[in-house]
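Bear in mind the structure is a predicted one, so any value in this text is a computation, not a measurement.
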There are 2 protein chains.
Amino acid sequence: MSSSVPDRPYHHGDLKHALVQAGIALIEEGGIPALSLRALAARVGVSHTAPRNHFGSLRGLLTAIAAEGFHRHARAMCEGVSDQSDPQARLMAAMTGYVRFARAHPALFGLMFSSLHCDMRDAELMAAGRDSYAVLSGIARGLDWDKADLPDGQRRTEVMLWSLVHGYAQLSLAGILANGPSGTMLDFADIMPAFAYRPATASPAPGDRS
Amino acid sequence: MSSSVPDRPYHHGDLKHALVQAGIALIEEGGIPALSLRALAARVGVSHTAPRNHFGSLRGLLTAIAAEGFHRHARAMCEGVSDQSDPQARLMAAMTGYVRFARAHPALFGLMFSSLHCDMRDAELMAAGRDSYAVLSGIARGLDWDKADLPDGQRRTEVMLWSLVHGYAQLSLAGILANGPSGTMLDFADIMPAFAYRPATASPAPGDRS
DNA sequence: ATGACATGTTGCCATCGTAAACATTTCACT
DNA sequence: AGTGAAATGTTTACGATGGCAACATGTCAT
């Protein structure tokens, strides 16, 4: 670094972050297969083995990208939720955000849940996933349905809602839901059970003020 | 075919079928990455370009395997269903079969819904998928819930149930559902809503005899 | 019989991920 | 300040993969 303007410094400076960003861009453009270490390195302007210093392997890079995906995913779910005060509307807003993100970023969304590409036991990825899960979990708190009062009731609610919206998103992305005779695809709102909204089937929580 | 015992005929005889079977075996052993055209060809005892004559490309082979997967998937769902006469038990049996198949054949199951590996617009694959869908569809017929009487009610029921069980299976396979504080994972029965079993919430169908 | 077609093989190429050896920069410690 | 270890990038090379072209062999309709 002899001149004040670094023409092409030997060290990139923030390569790790740049690789994740460019990697996401590549994935959005051409899907997961479009993301090769060599293409990515060329795009950022480094040698094709430079990513190895930061991620160890392609799998490590994909794992890091998936973690970033979960962060964006959580943000997408939160969008619109804070505007609503009604628990029903908040839940629906989160669900809608979930599906909207999946449709807007299909390859990234697929990567996030692909144990084929990611190391699901990676600490960062798990933390990011938990953050995303926490959004849905918080919104689902207090919702009542026929299994809410059983042991692990809160967790049952979370897993049930997550399974429902995740399954819809996956099937929708796979292009399988468009098999209807009319050719139209049901929206998520069309299959979202209303039962989850009933706030008082068993015993209403006294201090339930969100 | 000059001798009654074909030592190693130039033509395999039923290579297409053999490739699918061996391909599934490879996938079950080492996951999708374990299935390379070369490894598969070596396993069957042909040159590495022989599969090309039958499937065109690796993608075509994977698509054919996925179609076979859907056939087995449909069979797994049917298992246990015919024993039951109660609609609730029949539905639960199909759902259980769905999850059981996914857990017993995780890689194959993942392949079946991966537009990354398969050509989802392939005629055979779509037909196989429809057959599998028809199993669930038939069992879901007549079930009542809060959206069963709206337009496209039957299809809403199918898609809702499919999304729920498929999402659970996918999340379960991804190893994401084991994040509970107790470390235990909720079974599908723990999150299966009972509401779908109530046969008369709105207006009971007169001829509802399954 | 014979020519078209299906089926299978050999050889080759571009691309990829990974690894080792080396170069350059940064940084902690004295 | 000086120095060695660590971090960060590069170069070169290797093995594996999917796809393609050219060719070989068997099958089948006419």
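- Atom pair A/L35:CG and C/dT15:C1' shows a separation of 14 Å (rounding to whole Å applied).
- You'll find that the side chain of A/V46 is closest to D/dT10, out of C/dC12, C/dA19, D/dT10.
- Residue whose closest nucleotide on DNA chain C sits further toward the 5' end, between A/L37 and B/D14: B/D14.
- Residue A/R38 places its side chain closer to C/dC16 than to any other of C/dC16, C/dG8, D/dG18.
- Checked against the 6.0 Å centroid criterion, the rings of B/Y168 and A/H166 do not qualify as a close aromatic pair.
- Contact check, B/S36 against D/dT17: a side-chain N or O comes under 4.0 Å of OP1 or OP2.
- Distance, B/L19 CG to C/dT7 P: 12 Å, rounded to whole Å.
- A salt bridge links B/R72 with B/E68: the distance from a Lys NZ or Arg NE/NH1/NH2 to an Asp or Glu carboxylate oxygen falls below 4.0 Å.
- In this model, a side-chain donor or acceptor of A/H48 finds a partner on the base of C/dT18 within 3.5 Å.
- Distance B/K16 NZ to C/dA6 C1': 13 Å, rounded to the nearest Å.
- Between the P atom of C/dA23 and the CG atom of A/N53 lies a distance of 16 Å, rounded to the nearest Å.
- When rounded to the nearest whole Å, the span between CG of A/L15 and P of C/dT24 equals 19 Å.
- Of the candidates C/dG8, D/dG18, D/dA21, D/dA21 carries the atom nearest the B/T49 side chain, counting heavy atoms from C-beta on.
- Distances were taken from every side-chain heavy atom of A/A50 (C-beta onward) to each of C/dT9, D/dG9, D/dT17; the shortest belongs to D/dG9.
- C/dA19 atom P lies 12 Å from atom CG of A/L58, rounded to whole Å.
- Summarising the geometry, the separation between CG on B/L61 and C1' on D/dT17 is reported as 14 Å, rounded to the nearest angstrom.
- Rounding to whole angstrom units, CG of residue A/L40 and P of C/dC16 are separated by 12 Å.
- Taking CG of A/D190 as the start and NZ of B/K147 as the end, the distance is 7.5 Å to the nearest 0.5 Å.
- A sub-4.0 Å separation between OP1 or OP2 of C/dG8 and a side-chain N or O of B/R52 is absent.
- Note: A/F109 and A/H73 have tilted aromatic rings, judged against thresholds of 30 and 60 degrees for the angle between ring planes.
- Nearest heavy atoms, B/T63 versus B/H117: OG1-O, 4.4 Å.
- Considering only side-chain N and O atoms, A/H54 lies under 4.0 angstrom from the phosphate OP1 or OP2 of D/dG9.
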